[in-house]
2 protein chains.
Amino acid sequence: MTTRTVRIAISGLGNLGARFIKLMLDKRNELRDRYDLDLVIVAAVDSRGAAQDPRGLDLNLVLNTKESTGTIGNYPRCGTLGMTSLDLAGQVSADVWCDATPVNIDRKAEPGISCIRTAMRRGMHVVTPNKGPIVLFYQELTQLARECGVQLRFGGTVAGGLPALYIGRRDLRGARIERMEAIPNLVTGFILDHIAAGSSWEQALDLAKGEGVLEADPSWDLDGWDAAAKLVILTNAVLSYPTRLEDVELTGITGLSTQDIRSGRRMRLLATAVRAGSGYELRVAPQSLSEDHPLAHLGPKEMGITYYTDIYGTITATIKEETPLPSAATMLRDILDIMLKTEA
Amino acid sequence: MTTRTVRIAISGLGNLGARFIKLMLDKRNELRDRYDLDLVIVAAVDSRGAAQDPRGLDLNLVLNTKESTGTIGNYPRCGTLGMTSLDLAGQVSADVWCDATPVNIDRKAEPGISCIRTAMRRGMHVVTPNKGPIVLFYQELTQLARECGVQLRFGGTVAGGLPALYIGRRDLRGARIERMEAIPNLVTGFILDHIAAGSSWEQALDLAKGEGVLEADPSWDLDGWDAAAKLVILTNAVLSYPTRLEDVELTGITGLSTQDIRSGRRMRLLATAVRAGSGYELRVAPQSLSEDHPLAHLGPKEMGITYYTDIYGTITATIKEETPLPSAATMLRDILDIMLKTEA
């Protein structure tokens, strides 16, 4: 078998993007040996500049340039300060466009969404763990991918490194899903467990910030928007039920007192889709889980999903993520899945 | 999109096979609507006869004939008493050969294995929840499938309806699996839980027989052979480490006293593969699981698997099977997966 080269362009060099670059650095030889695939980063772009090299960028140099100068635009010889991600999407020759930019719901998922559209129209597969474009434009993007004959993968959007979407879309084929319950947000579980164990709200929030799991604007997580966005993606992609953020009945965890959290069973922010008529009713709310609930025993660094089906029983999948590496690794999973489609 | 017809031949009309026929009966219209696939059973065979109809057998008549006369060979007009599964494999025109015959390790997986070889050589995809051929002939069969340009799927061999193989083979691509732990056998967990709750060994065995979960020869389950066979399949197919039943260090549950079982934490027959050098060490043994073990909270009708990986964290998948339907439904999952390969 001959080795195939996979040319990757990556947009976004924050935590996720940088971790993905490191992963490519670590795994390149192993992937070549195991899958006959040579994964080459031919372009990278951040908010201040870009770098391109059709022969492949030097990944150590990518990381060093970004870290020492703040932008990949300063990459020796091949860097261009001021080049935007949209500029890059419009001209780069790559097989896969990876969008690892921030969610930006308020800015209607820009600049990610425009780059994704451009990349697909130019024949690139798209891989993204960025919830923004998928939660806001799922129908349009899946339609566009079909028209352009490319694959759109977003395995990292719903529960870090857990393959919740793949399990739902592929392994439950043929089933009717009666109900779906997920704990897709890490930081709320972390905070609830610390409060349950005796911390005050302030202490728990500080611990979460210290661990780097809480965003600068904590309301995205705490008010349940992150869980709701993930539920909307799961509902569209797994349940094939077109839905939007506004369809979710949403209660965050901020209204809970320490007393609420400490009384009784384990409390989690649960995202639920329940079959109702020809569709599903969607809800995100804190819930105390009984001992025999399949997600009742998740630890503070764990997420999970349960599918209640007509023919495959009740299937639960969970992940323990000690670091954000699994979330970045979903981009690798998605790329390999696109490239190795013909194998089981 | 035009509807594609998928012609299925099924060998074995015991519990699994009959449940699969019922499933096809229930789901045919739904599958046509959702996937543009028309699944047609063109042939069926049991140990005493066969029936064939290229236009598709009447599935109610298949079930009635089998139930009322003991063999499908009496199927009106299209039945042939005395026709064997190997006869059928050698002459039927089908797209998929489903083997739902018993395991038969002692008889070197016959007649399943010979039929599977014949079916593949004649260009049929093969789907089987029968562990026998896969545990004994994995390398040969995967090689033969490649040579014949067909797919070999055996999703139902390792943990009932749980997609343990698909998760391991596809969703963990790119990862190094450091350790794999599974509770792949239902009946041992059922028995251990009943003894833990106060039953005697005899009572627990009777309960298991009453539920229909214990085979006539209970030693396959109780001495750990079933779990070992599943571990060998997982090790070959997911860990890509060629291995045989003899490589498993095996301890069943029969040596446990009621006192052992009742002392302390939840006891389960655990199948483990641990990376050692360039390979894996395999072990099946009863183990009491600590509270924070990802498989510690499985109920008496549940199975599960945990993958400890380098880049995707620790991923656990579990299934609750109230009935054997999910095991039969794995044949549907496998068929749909073969036919819908181009989609996510």
Side-chain angles (χ1 to χ4, degrees), chain A residues 23 26-27 30-31 34-35 151-153 155 160-163 165-167 169-176 237 240 291-292 294 296-297 299 301-302 304 306 308-323 325-326 328-330 332-333 335-338 340-344, chain B residues 23 26-27 30-31 34-35 151-153 155 160-163 165-167 169-176 237 240 291-292 294 296-297 299 301-302 304 306 308-323 325-326 328-330 332-333 335-338 340-344:
Chain A
L23 185 61
D26 291 346
K27 287 275 183 180
E30 185 187 334
L31 295 171
R34 287 174 67 179
Y35 304 109
Q151 300 287 324
L152 168 67
R153 297 300 170 96
L162 188 70
L165 284 165
Y166 281 124
I167 293 171
R169 284 171 66 89
R170 298 202 290 213
D171 300 332
L172 303 185
R173 277 189 188 124
R176 199 172 57 235
S240 303
E291 269 296 299
D292 62 350
H297 301 278
K301 295 276 182 103
E302 294 178 39
T306 300
Y308 299 82
T309 79
D310 59 341
I311 61 171
Y312 298 121
T314 299
I315 290 182
T316 298
T318 65
I319 187 165
K320 183 174 188 175
E321 288 201 19
E322 301 282 4
T323 74
L325 173 60
T330 61
L332 174 62
R333 174 191 287 149
I335 291 169
L336 292 176
D337 197 74
I338 291 171
L340 301 170
K341 284 193 80 58
T342 51
E343 289 166 39
Chain B
L23 185 60
D26 291 345
K27 288 274 183 181
E30 184 187 335
L31 296 170
R34 287 173 68 178
Y35 304 110
Q151 300 287 325
L152 168 66
R153 298 302 170 94
L162 187 70
L165 284 164
Y166 281 124
I167 293 171
R169 285 171 66 90
R170 299 202 289 213
D171 300 332
L172 303 184
R173 278 190 190 123
R176 200 170 57 235
S240 303
E291 269 296 301
D292 61 351
H297 301 278
K301 295 275 182 101
E302 294 178 40
T306 300
Y308 300 81
T309 79
D310 60 340
I311 62 171
Y312 298 121
T314 300
I315 290 181
T316 298
T318 65
I319 188 166
K320 183 173 189 174
E321 288 201 19
E322 300 282 5
T323 74
L325 173 60
T330 61
L332 174 61
R333 175 192 285 149
I335 291 169
L336 293 177
D337 197 74
I338 291 171
L340 302 170
K341 284 192 79 58
T342 51
E343 290 165 40

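Protein chains get the first letters and strands the later ones, always in sequence-line order, with residue 1 at the start of each. As a basis for the values below, the full set of heavy atoms in this structure was taken, side chains included, without hydrogen atoms, waters or symmetry mates.
Annotation: maximal heavy-atom pairing with chain A below 4.5 Å, among L325(B), I167(B), L172(B), occurs at L325(B). Contact count versus chain B (heavy atoms, under 4.5 Å) is highest, among D171(A), L336(A), L23(A), L31(A), for D171(A).
You'll find the side chain of K27(B) reaches within 4.5 Å of the side chain of D310(A), heavy atoms only. In this structure, E302(A) and T316(B) have side chains that are not in contact, with every pair of non-hydrogen atoms separated by 4.5 Å or more. Residues P294(B) and T318(A) form no side-chain contact, since every pair of their non-hydrogen atoms from C-beta on lies 4.5 Å or further apart.
A salt bridge does not link K320(B) with D292(A): none of the charged nitrogens is closer than 4.0 Å to a carboxylate oxygen.
Only the backbone of A175(B) comes within contact range of chain A, with at least one heavy atom under 4.5 Å from a heavy atom of that chain. Proximity to chain A involves both the backbone and the side chain of I311(B), based on heavy atoms less than 4.5 angstrom apart. Looking at T330(B), only its backbone comes within 4.5 Å of chain A, counting heavy atoms on both sides. Heavy-atom distances place no part of I338(B) under 4.5 Å from chain A, backbone and side chain included. Interface remark: R333(B) contributes backbone and side-chain atoms alike to the contact with chain A (heavy atom separation under 4.5 Å). E30(B) touches chain A through its side chain: at least one heavy atom from C-beta onward sits under 4.5 Å away, while N, CA, C and O do not.
Contact detail for L162(A) and I315(B): the closest heavy-atom pair is CD1-CG2, 4.4 Å. The two residues R34(B) and R176(A) come nearest to each other via the heavy atoms NH1-N, 4.4 Å. When all heavy atoms of I319(B) and Y312(A) are compared, the pair lying nearest together is CD1-O, 3.1 Å. The two residues G174(B) and L332(A) make their nearest non-hydrogen contact at CA-CD2, 4.3 Å. Here the closest heavy-atom approach between residue P326(A) and residue G313(B) is recorded as CG-N, 3.6 Å.
Remark: K301(A) pairs with E211(A) by the salt bridge (charged side-chain N to carboxylate O under 4.0 Å, His left out) rule, at least two apart or across chains. Not counting sequence neighbours, E291(B) has no partner by the salt bridge (charged side-chain N to carboxylate O under 4.0 Å, His left out) test.
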